Amino acid sequence: MGTEERKKLLSRLRQGLQHKETQQKFVRLEGSMQVLIGLFTSSLANIQIEAARCLHELSHSSDPAVAEACLPATSYLLTYLSGHSVEFTELCLYTLGNLAVESDAVRKRLLPQGIIPTLASCIQSPHVAVLEGLGYILSQLLQAREAATKIIPLVLDSVLPQHMLRLVSSNLELGMGVAVEFSWCLHYIVCSHVNNALLISQGIVSTLVLLLLELASMISKAATEGLELLICPVLRCLSNLLAEDETDGCKVQIQDERLLVALFLFMQYFLQQHPFIVQECLWLLNNLTADEPIFCSAVLTLDLLPALLQLLPCSRMVTLLALTVLCNIAEKGPAYCHQLHQKAVLPSLLSTLALSDAQVVGQSLELLHLLFLHLPEASDDSLSQAGLQALEQHQDNPQLQERVRALRETYLQPAAASLISASASAAVLLSS
Amino acid sequence: MLLPPELSASLQVERPLLPVGPRTPPRAPFCFSPSRLRFHRQHEFFEDGDIHRHLYLQDILTNVTEVTERSKVSEFCCNIVGCCQVFDTLEGYEHHYNTLHRNMCSFCKRSFPSGHLLDTHILEWHDSLFQIMAEKQNMYQCLVEGCAEKFKSSKDRKDHLVKVHLYPSDFRFDKPKKAKSSTKHSKPPSKLDVSVPMDVNVETYEHLQVDSMEICPSESVANPTQPVSGPISSLQEKKLYKSRIPSTICFGQGASRGFKSMKKKV
């Protein structure tokens, strides 16, 4: 039988293997995998590619028995990653990635077979398709349950992190797919908190900050579909890196105010279509404003407060985070509270006090407390007094009652209370 | 969202840094203190973004599965002297070249899947100094990338590959240098016939013997009349297999992979 005919047969096998029953039948037939692997290692290039496609189909199976039947192929799949054919390498990468997702047994085999050093060589390829495939398989390995103990230490020990940092920031116009894969990889590494000090020493913070600035400038220029897929993991990395323990000697400080502008641009752009980006931005904003007066001051002096307040009536998590950021600002002292009060934080705050979620109300109470503490005169005006009156609705809630009582006892003016009258407090309640 | 106009321009203008008051601990019953939040991998905070990422990947993986219709060119022949393969796609030629010609040993014309394996081969098979040095020190390098172990003999290396790296004992790219008399004995004695579609016959193994990827002969080198252990002998007993193809199979349309072709699933 000629090569061409065999190629056609393999092609038909591949179509069959798109179906679950065929996959299962195939691997159960005695000797079938051996033959397939034999063809996969053929030096007849077109036979080899067709056999590789069959293996790829098998790798899609969710049946662990099928994945385990592919185990004998893994050493060859890895060997071929050092080859030069782009399409073939890509196929091997996705096949390995799919197998690694499904099966603990496969991963247990791949690690001693040297997958991490192999990927570390492979990442130096100039081909976009290879890099995307590599990013895919790495992102799957990094999510394995044993990743923190078995996989991430090996990755951190290799040249992979340096290359990942290089790849997330280069060629955005050409290969955003590559940047997306590796930024998710970085997120899985960072949020596992294995050795972030190492990444920090390799310059991850400045790389990612510059990347976000570049992405923000792309947003203002022209809509790029799918930008949120890249922005999301980068935001997460920076937020978690900022939260690294000082005891490790690697407290991260960011002071570039342009980052603040970038975050608000993202929030504005994605508020309707991809609201999850808003909460991710606010998380970073919290971590930036917690310790740095620079960012707290900039929110006020760049006139970003109205935008922040607009986020208050959104989802629960967004509201909570926005309130926390406001607390970060208020906590900085009288000058900050003065600006907050001047720029009309109170009306928005009073609306949140009328909500039913105890955690949201609790955070609002904290903000109110900070405002009145640093700016006592703020508690005097009629709006505040009406708000304090309205707090009565929460006085039976065990999570809130102590704080409610403290505020009312300290700031509620008994004489004013009756004069303010029900109409003012009703107005506040009705408008929320 | 109400962002002020000319936001980036405002960054250039000098703005005061508001003075910070003295930091005091929170007063009971209030407990707020600014702190940087840290979320671990499994935190529910990540759920929405993770779902979005998952959907994106599903799209990508669908595209990879679809076989790209490669643009065909008029048939051309491989340039390399002695090779007469013909191609009608550039990708087919590229893979052929990379498989057969790229990492080829100039001494014995065997080709290898990577430069690393070629280098190892040349060293162990064609370097006379190697054999001399191998008598005194461990020279056989482990084949696995990243493993620096060296061994006294090819067999020791193979044992290491199997035990430590979980490689198959018949790994195709690890064969000891054979004496000339024992070549080709791993060929199966009979050729199984094919009459039914979808059967892959063992003839392919014959073709495989012709080229470089010879199967490791294992311990039966000493006894050439015995059939080789491993996949070949079990293959002789195996039956032909059949797979049914559902008649409703359809090809994926040629799809360009990658970020730009992201299709939203309804």
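Values below: all heavy atoms of this structure, side chains included; hydrogens, waters and symmetry mates excluded. Convention: sequence-line order gives letters A, B, ...; per-chain numbering from 1. Predicted, not measured: the structure shown is a model, and the values here were computed from it.
Heavy atoms of A/Gln401 lying under 4.5 Å from chain B are absent altogether. Both the backbone and the side chain of B/Ser10 have a heavy atom closer than 4.5 Å to some heavy atom of chain A. Neither the backbone nor the side chain of A/Ile115 comes within less than 4.5 Å of any heavy atom of chain B. If you measure heavy-atom distances from A/Ala216 to chain B, you find no contacts under 4.5 Å at all. At a 4.5 Å heavy-atom cutoff, A/Glu21 makes no contact with chain B through either its backbone or its side chain. Interface residue A/Leu265: backbone and side-chain heavy atoms are both found under 4.5 Å from chain B. In this structure, the portion of B/Leu117 lying under 4.5 Å from any heavy atom of chain A is its side chain and not its backbone. For B/Val20, the parts lying under 4.5 angstrom from a heavy atom of chain A are both the backbone and the side chain. Contact of A/Leu300 with chain B is made through the side chain alone, with heavy-atom distances under 4.5 Å. For A/Leu370, the part lying under 4.5 angstrom from a heavy atom of chain B is the side chain only. For a residue to count as touching a neighbouring chain, one of its non-hydrogen atoms must lie under 4.5 Å from one of that chain's; by this rule A/Gln339 touches chain B with the side chain only. Residue A/Val86 touches chain B through both its backbone and its side chain, counting heavy-atom pairs closer than 4.5 Å. Both the backbone and the side chain of A/Glu402 come within less than 4.5 Å of a heavy atom of chain B. For A/Leu321, the part lying under 4.5 angstrom from a heavy atom of chain B is the side chain only. For chain B, the nearby parts of A/Leu302 are the backbone and the side chain; heavy atoms of each come within less than 4.5 Å. Proximity to chain B involves both the backbone and the side chain of A/Thr301, based on heavy atoms less than 4.5 angstrom apart.
Between atom CG of residue A/Leu304 and atom CG of residue B/Leu7 there is a gap of 5.5 Å, rounded to the nearest 0.5 Å. Note: A/Met317 CE to B/Phe45 CZ = 6.0 Å, rounded to the nearest 0.5 Å. To the nearest 0.5 Å, atom CD of residue A/Glu257 and atom CG of residue B/Leu11 are 6.5 Å apart. Expressed to the nearest 0.5 Å, how far CD of B/Glu94 lies from OG of A/Ser85 amounts to 5.0 Å. Distance check, rounded to the nearest 0.5 Å: OG of A/Ser75 to NE2 of B/His165 gives 12.0 Å. For the atom pair B/Cys31 SG and A/Leu365 CG, the distance stands at 10.0 Å (nearest 0.5 Å).
Taking A/Glu280, A/Gln268, A/His374 one by one and counting their heavy-atom pairs under 4.5 Å with chain B, the maximum is reached by A/Gln268. Interface remark: of the candidates A/Pro72, A/Ser158, A/Gly333, A/Ala290, A/Ala290 forms the most heavy-atom pairs closer than 4.5 Å to chain B. Interface summary for chain B: among A/Gln279, A/Gln48, A/Arg258, the most heavy-atom pairs under 4.5 angstrom belong to A/Gln279. If you tally non-hydrogen atom pairs under 4.5 Å between each of B/Pro22, B/Gly49, B/Gly21 and chain A, the highest count goes to B/Gly49. Most heavy-atom pairs under 4.5 Å with chain A: of the set B/Cys147, B/Gly92, B/Pro168, B/Ser35, this distinction falls to B/Ser35.
Within the 4.5 Å cutoff, side-chain heavy atoms of A/His84 are placed close to those of B/Asn103. The shortest side-chain heavy-atom distance between A/His193 and B/Arg41 does not fall under the 4.5 Å cut-off. A heavy-atom distance below 4.5 Å is found between the side chains of B/Arg27 and A/Leu373. Side-chain contact between A/Cys191 and B/His43 is absent, with no heavy-atom pair separated by less than 4.5 Å. Annotation: side chain of A/Asn46 is not in contact with side chain of B/Phe87 (no heavy-atom distance under 4.5 Å).
The aromatic rings of A/Tyr76 and B/Phe173 stand perpendicular to each other, their planes meeting at an angle above 60°, with 30° marking the opposite boundary. In this structure, A/His274 and B/His52 have perpendicular ring planes: the angle between them is above 60°, well past the 30° mark. The aromatic rings of B/Phe46 and A/His187 lie perpendicular to each other, with more than 60° between the two planes, well past the 30° mark. Using a 30° and 60° split on the angle between ring planes, A/Phe88 and B/His95 fall in the tilted class, from 30° to 60°.
Side-chain N or O atoms of A/Asn240 include none that pairs as donor or acceptor with a backbone N or O of B/Arg38 at under 3.5 Å. Formation of a donor-acceptor pair under 3.5 Å by the A/Tyr136 side chain with backbone atoms of B/Leu57 is not found in this model. Proximity of a side-chain donor or acceptor of A/Ser297 to a complementary backbone N or O of B/Leu18 within less than 3.5 Å is detected. For the pair A/Glu366 (side chain) and B/Phe32 (backbone), a donor-acceptor distance under 3.5 Å is present.
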What do the steps show when you test A/Leu44 against B/Gln85 for side chain to side chain contact (heavy atoms under 4.5 Å, CB included), and what is the final call? CA-CA 10 Å; A/Leu44 292 170; B/Gln85 295 250 7; 3.7 Å; yes

Would you please test B/Leu37 and A/Thr324 for side chain to side chain contact (heavy atoms under 4.5 Å, CB included) and show each step? CA-CA 11 Å; B/Leu37 294 169; A/Thr324 311; 5.7 Å; no

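Under the 3.5 Å distance criterion, with hydrogens and angles disregarded, no donor-acceptor pair is assigned to the side chains of B/Arg172 and A/Thr79.
Taking the charged nitrogens against the carboxylate oxygens, A/Glu181 and B/Arg53 do have a contact shorter than 4.0 Å, which makes a salt bridge. Classification of A/Arg236 and B/Asp50 as a salt-bridged pair holds, one side-chain N sitting under 4.0 Å from a carboxylate O. Here B/Arg23 pairs with A/Glu331 in a salt bridge; the nearest charged N to carboxylate O distance falls below 4.0 Å.
Of all heavy-atom pairs spanning B/Pro34 and A/Asn328, the tightest one is CB-OD1, 3.3 Å. Considering every non-hydrogen atom in both B/Leu166 and A/Lys108, the closest pair reads CD1-O, 4.0 Å. Across B/Pro19 and A/Ala335, no two heavy atoms sit closer than the pair O-CB, 3.7 Å. Shortest non-hydrogen contact noted between A/Asn286 and B/Arg36 is ND2-CA, 4.3 Å.
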